[in-house]
Amino acid sequence: MIIAVDGPAASGKGTIARALAAHYQLPHLDTGLLYRAVGQTVLDRGGDPASEADALAACDFPEAILSDPRLKQSAAGNAASVVSAHPSVRAALIERQRAFANQPGGAVL
């Protein structure tokens, strides 16, 4: 089973998704964190979030960064807004989301 929760910012998507994941005992992926991770990785590498090449290269970030508290800070959020505008980044992260969703048993995104 794959459950995708969508909606506007600050509408409670994360709260609902975490509750669904707990209820159905499924893994949960906060897709917004993926963009923050790309943005933070670009910054960590000294790159420019406005550079599509820098942003695309940062899509190979290690899974462990998703628990980095810096992703909740404004610098990562600002960088995420910039990198999310790049079509190649969106395509790369959609593939990452699909891979997560297709694990045995499903997932909540």
According to a 4.5 Å side-chain heavy-atom criterion applied to Ile, Leu, Val, Met, Phe, Trp and Tyr, with indirect links allowed, do L26 and I2 form part of one hydrophobic cluster?
no
**Prompt:** So, does H28 use its side chain to make a donor-acceptor pair with the main chain of G14 at under 3.5 Å?
**Reply:** no
One should read off an interatomic distance between L33 CG and L93 CG, to the nearest 0.5 angstrom, of 11.5 Å
Test item: D54 side-chain N/O and D48 main-chain N/O as donor-acceptor pair under 3.5 Å
yes
**OP:** Please answer: with hydrophobic residues joined when any side-chain heavy atoms are less than 4.5 Å apart, are L43 and V89 in the same cluster?
**Re:** no
Report yes if some heavy atom in the side chain of H86 is under 4.5 Å from a heavy atom in the side chain of P49; otherwise report no. no
For residues 4-21, the side-chain hydrogen bond (donor to acceptor under 3.5 Å, both in side chains) pairs (sequence neighbours left out) are none
Nearest heavy-atom contact between A55 and V42 is CA-CG2, 3.7 Å
Are V38 and L66 co-members of a hydrophobic cluster defined by side-chain heavy atoms under 4.5 Å apart? yes
Closest non-hydrogen atoms of G39 and V83, given as atom of the first, atom of the second and distance, are N-CG2, 4.1 Å
Practice task
Identify whether V82 and L34 are in the same connected component of the hydrophobic contact network (ILVMFWY, side-chain heavy atoms under 4.5 Å).
Solution key: no
### Query
Relative to F61, does R96 satisfy both conditions: NZ or CZ under 6.0 angstrom from the six-membered ring centre, and within 45 degrees of the ring's axis?
yes
Any donor-acceptor pair under 3.5 Å linking the side chain of R90 with the backbone of A85? no
From the list T41, D30, L71, side-chain contact (heavy atoms from CB on, under 4.5 Å) partner of R36 resolves to L71
Item to check | Transitive ILVMFWY side-chain link L29 to Y24, under 4.5 Å | outcome: no
Residue set satisfying side-chain hydrogen bond (donor to acceptor under 3.5 Å, both in side chains) with D44, at least two apart, ordered chain then number -> Q40, R70
